[in-house]
Visitor: 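So that we are looking at the same thing, I have put the structure below in C-alpha cells.
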2 protein chains.
Amino acid sequence: MKVSDNLEVAKDANLQLNYYQKEDQVLLAVDCIIFGFDKKDLKILLIKRNFEPEKGKWSLIGGFLKKNENLDQAAVRVLKTLTGLGDIYMEQLYTYSKVDRDPGQRTISVCYYALIDVNAHNFDGIQIDSASWIELKNAPELIFDHDEMVQKAIARLRRKAMTNPIGFELLPEKFTMRQLQNLYESILDKKLDKRNFINKINSLDVLVKLDEKDMTVSRKGAYLYIFDKEKYEKKVEEDGFNFKI
Amino acid sequence: MKVSDNLEVAKDANLQLNYYQKEDQVLLAVDCIIFGFDKKDLKILLIKRNFEPEKGKWSLIGGFLKKNENLDQAAVRVLKTLTGLGDIYMEQLYTYSKVDRDPGQRTISVCYYALIDVNAHNFDGIQIDSASWIELKNAPELIFDHDEMVQKAIARLRRKAMTNPIGFELLPEKFTMRQLQNLYESILDKKLDKRNFINKINSLDVLVKLDEKDMTVSRKGAYLYIFDKEKYEKKVEEDGFNFKI
DNA sequence: ATTTATAGTGTTTAATAAACACTTATAAAA
DNA sequence: TTTTATAAGTGTTTATTAAACACTATAAAT
C-alpha cells in the first residue's frame, strides 16, 4: 500500500475508521522516571508491583493515555495520582514500541522524566504504598524495558545538567553551595573541584547569597543561596545559557 | 482511578481489553522529516496533499504504525515507500499528541527525522509524484503541527551537528572541504571561518584526503576527501567524540 | 584555650576558540 | 602565450575558557 493511500483514507474527516485502521489502534502508556535529590543522593521513585504479570518486581510508575487528554497531561495526571504533587518539572523523553515489550498486550509507552526535591514535599498524598525512593546506584532490575528507559533518562539528565541550571527543580528553595555541588556530582557521577565549581557558578550570576546560614552541616555553617529566577530566565532568552560544568 | 488499578487491569495477560481500554485505544502515526543536502542547500522532502482534508496544502510524509512492527520499522517503511530508499540514518524525535492536532480523528504522531544525500541517490523509486525537495529557508506553511515538528527537528539537527560529524549521512562519499563547510553553515545558519573550520576538522583526524580533485567548482579545483569510518567509530567509542564547531 | 569539621577563597597554567589576509593552481579568455 | 578570473589552500597571534592546585576562617563542642 502506498503511503498516500493510507493517509488519504485515514485523514478524511468524513470517513469512519475502517477495519484495518481499527485493527492498528493501540494502547498508549505513559511511564515516568521520577528523579529525586535527597541531600546527597540522586534517587528514583519505583513501585513494587502487587499484581500480575511480574508481581513482586520493581517498575516505573505509569498509566494510560485517555481520549480527552494529551501526553503531557497524562504524565502530569499519573504523577499527581502517585505522589499527590503537581507543578513538577516534566519532560517527554522517548517512545518505546517493541512489539513484545509488554507480554500482556501490545502497548506503546511514551516515557517522561520528572525532577523533584524529595525533602521539600511531604508525600502524604501518595496513593501507592509500595512506592519507594531508591538510590540510583542501588536500583534493582526493572520489568519490561524500564531499565532501558532509566538509562536514557540518566543520559538526558546528564546532558541537561551540562547546559541548564536544573538545580531549580531538584533542590529546596534555599540551599548551600555544597548541596548544589553534590547534586551535580550525583548527576555526572564524578567529583568536581570545589573552587572551580564555585567560580563557574558565580560567573553565571543567577544565585543570590543570603545572610542566613545552614548550621546543621558543620561547625562553621554554610551560607544559603536562592536562585534568582528572573535573572536566570532573562539569561536563557538572551544567550541560551551556556552552562558547562 | 488509581494508577495501580489501571495497570492491574491493563497488564494482566489473561484479561481481554475491557470497554474503557478499548475506548482509549488510538491510532499511532509516524511522520518523517527528511533532511537532504544538495550542494549548497539544506532541504526537506514535502508532499503536496492531493486528498482531503487540507487538500493542496504541504505536509510531511507519514503513515500509520501497524500491529506487527515497532516505530523504527514503521518509519523505515514509510521512508522506503516514499523514496524507494533504505539504509538511511533515522532517529526518533518526539511524540505529538494534542487532542485536536488532526481534525479528522484522534491521532498521536511519533516524529522521526532522516538525513540523506539528495544527489547520491536517484529517486526513480519515488512513489508519490507530488513530493518535492524544498529549501528549508523557503519552506511553505505545513498542515497540522508539522511546522512545530520541523522546528524541533532543526534544533535537534543543530545540536547533533555540534557534537557529531553527521556529514557521513548528508554528503556524497567523496566531498570537498567547501562542501562540508557549506553543510555546517546550512545547518547552523551562519558563516564559518574557512581556516578555523579546516583546522578543526583536521584536528579530528577522521578524513582521508584523496589525490583526486573536483574540477567543477573552480579553475584550481578542490581536493576530494572521504570519511575514515573506522577511525571515526573508534573515536566515538573512546572519547564520545567531542566535536564543537 | 583547644580541638574539630567543613566552609570559603585566587592564582597559575593549559587548552581551546576566534580573529585575521595573502599566495597558489588552473582554466578560460584575450 | 600571456593575462585574467576564480575559488582553494595555508599559520599565527590573541582572547577566552577550563583545569589544576592548598591554605585560612569560622563556630561549636569539649
Side-chain angles (χ1 to χ4, degrees), chain A residues 39-40 158-159 161-163 165 167 171 174-185 188 190-226 235 238-245, chain B residues 39-41 158-159 161-163 165 171 174-186 188-226 235 238-245:
Chain A
K39 301 250 192 287
K40 282 189 59 180
R158 244 166 229 170
R159 186 167 58 71
M162 306 277 271
T163 53
L171 289 175
K174 297 175 182 180
F175 52 88
T176 66
M177 275 289 179
R178 169 55 59 181
Q179 277 177 285
L180 188 60
Q181 188 176 338
N182 283 341
L183 171 60
Y184 275 91
E185 289 184 345
L188 302 176
K190 68 174 176 191
K191 292 279 164 226
L192 301 172
D193 180 275
K194 181 166 56 162
R195 283 164 294 182
N196 289 340
F197 182 79
I198 291 172
N199 287 344
K200 174 49 85 94
I201 293 291
N202 283 335
S203 76
L204 294 175
D205 189 31
V206 289
L207 294 192
V208 180
K209 186 177 189 171
L210 303 177
D211 273 338
E212 212 175 326
K213 274 188 167 183
D214 177 354
M215 297 307 296
T216 67
V217 291
S218 75
R219 309 269 191 258
K220 186 181 178 182
Y223 281 103
L224 288 166
Y225 292 78
I226 54 172
K235 258 178 199 292
E238 276 169 10
D239 46 34
F241 228 121
N242 192 17
F243 177 75
K244 289 183 200 132
I245 292 286
Chain B
K39 302 253 192 287
K40 282 189 60 180
D41 300 306
R158 243 167 229 169
R159 187 167 59 70
M162 305 278 271
T163 52
L171 289 175
K174 298 175 182 180
F175 52 89
T176 66
M177 274 289 179
R178 169 56 59 182
Q179 278 176 285
L180 189 59
Q181 188 177 339
N182 283 342
L183 171 60
Y184 275 91
E185 290 185 345
S186 297
L188 302 176
D189 194 27
K190 69 176 177 190
K191 292 278 165 227
L192 301 172
D193 180 274
K194 182 167 56 163
R195 281 164 295 181
N196 289 341
F197 182 80
I198 291 172
N199 287 344
K200 175 49 82 95
I201 294 291
N202 283 334
S203 76
L204 293 175
D205 189 32
V206 290
L207 294 191
V208 180
K209 188 176 187 170
L210 304 177
D211 273 337
E212 211 175 327
K213 275 187 168 185
D214 176 354
M215 297 308 295
T216 66
V217 290
S218 76
R219 308 268 191 259
K220 186 182 180 181
Y223 282 103
L224 288 166
Y225 291 78
I226 54 172
K235 258 178 200 290
E238 276 169 10
D239 45 35
F241 229 121
N242 191 19
F243 177 73
K244 287 181 201 137
I245 293 286

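Here is how names work: the chains are called A, B, and so on, in the same order as the sequence lines, proteins then strands, and each is numbered from 1.
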Visitor: In this structure, how many angstroms lie between the P atom of D:dG11 and the CD1 atom of B:Ile198, rounded?
Guide: 11 Å

Visitor: My understanding is that only residues two or more places apart in sequence, or in another chain, count here; which of them pass side-chain hydrogen bond (donor to acceptor under 3.5 Å, both in side chains) with B:Lys174?
Guide: B:Glu212

Visitor: Output all residues satisfying side-chain contact (heavy atoms from CB on, under 4.5 Å) with A:Arg158, sequence neighbours left out; order by chain, then residue number.
Guide: A:Ile154, A:Ile187, A:Leu188, A:Asp189

Visitor: With a 4.0 Å heavy-atom cut-off, tell me which residues in residues 175-182 of chain A come close to DNA chain D, sorted by residue number.
Guide: none

Visitor: Produce a footprint string for nucleotides 20-30 of chain C: one letter per nucleotide, 5' end first; B if the base is under 4.0 Å from any protein heavy atom, S if only the sugar-phosphate is, - if neither.
Guide: BB--BBBBS--

Visitor: Rounded to the nearest angstrom, tell me the gap between atom OH in B:Tyr184 and atom P in C:dA17.
Guide: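 These atoms are roughly 14 Å apart.
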
Visitor: Would you please name every residue forming a side-chain hydrogen bond (donor to acceptor under 3.5 Å, both in side chains) with B:Asp193, sequence neighbours left out?
Guide: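 B:Asp193: no side-chain hydrogen bond (donor to acceptor under 3.5 Å, both in side chains) contacts found.
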
Visitor: According to side-chain contact (heavy atoms from CB on, under 4.5 Å), who are the partners of A:Asn199, at least two apart in sequence or on a separate chain?
Guide: none

Visitor: Rounding to a whole Å, what distance do you find between A:Lys200:NZ and D:dA20:C1'?
Guide: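 Rounded to whole Å, this separation is 15 Å.
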
Visitor: Write down the distance between CG (B:Leu224) and P (D:dA7), rounded to a whole number of angstrom.
Guide: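 Atom-to-atom, B:Leu224 to D:dA7, this comes out as 17 Å.
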
Visitor: Only counting residues at least two apart or in another chain, list the ones meeting ring-ring contact (aromatic ring centres under 6.0 Å, His included) with A:Tyr225.
Guide: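 Partners of A:Tyr225 by the ring-ring contact (aromatic ring centres under 6.0 Å, His included) criterion come out as none, since no residue qualifies.
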
Visitor: Would you name the heavy atoms of B:Phe175 and B:Ile226 that are closest together and state the gap between them?
Guide: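 Minimum heavy-atom separation between B:Phe175 and B:Ile226: CE2-CA, 4.1 Å.
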
Visitor: Can you tell me how far C1' of D:dG9 sits from CZ of B:Phe197, to the nearest Å?
Guide: 15 Å

Visitor: What's the CG-C1' distance between B:Asn199 and C:dT16, to the nearest Å?
Guide: 12 Å

Visitor: Find the distance B:Ile201:CD1 to D:dT10:P and express it as a whole number of Å.
Guide: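 It works out to 15 Å between those atoms.
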
Visitor: Side chain of A:Val217: nearest nucleotide among D:dG9, C:dA7, C:dG10?
Guide: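 In terms of side-chain proximity for A:Val217, the closest of D:dG9, C:dA7, C:dG10 is C:dA7.
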
Visitor: Locate the shortest heavy-atom distance separating A:Phe197 from A:Leu192; write the atom from each residue and the value.
Guide: CD1-CD1, 3.9 Å

Visitor: Over the length of the helix from C:dA1-D:dT30 to C:dA30-D:dT1, how much do the five-pair end axes diverge, rounded to 10 degrees?
Guide: 10°

Visitor: For B:Asp214, check side-chain contact (heavy atoms from CB on, under 4.5 Å) against everything at least two apart and list the hits.
Guide: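 Testing B:Asp214 for side-chain contact (heavy atoms from CB on, under 4.5 Å), a comparison that skips the adjacent residues, returns B:Thr176, B:Thr216, B:Val217, B:Leu224.
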
Visitor: In whole Å, I'd like the distance from the NZ atom of B:Lys191 to the P atom of C:dA19.
Guide: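 About 16 Å, once rounded to whole Å.
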
Visitor: To check you understand the geometry: which heavy-atom pair defines the closest contact between B:Lys213 and B:Lys220, and what is its length?
Guide: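 Scanning both residues, the minimum pair turns out to be NZ-O, 3.2 Å.
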
Visitor: Which heavy-atom pair separates B:Lys194 from B:Gln181 by the least distance, and what is that distance?
Guide: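 Closest pair (atom of B:Lys194, atom of B:Gln181, distance): CA-OE1, 3.7 Å.
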
Visitor: Looking at residues at least two apart in the chain, or sitting in another chain, which of them share a side-chain contact (heavy atoms from CB on, under 4.5 Å) with B:Lys40?
Guide: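 Listed in chain order: B:Asn182.
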
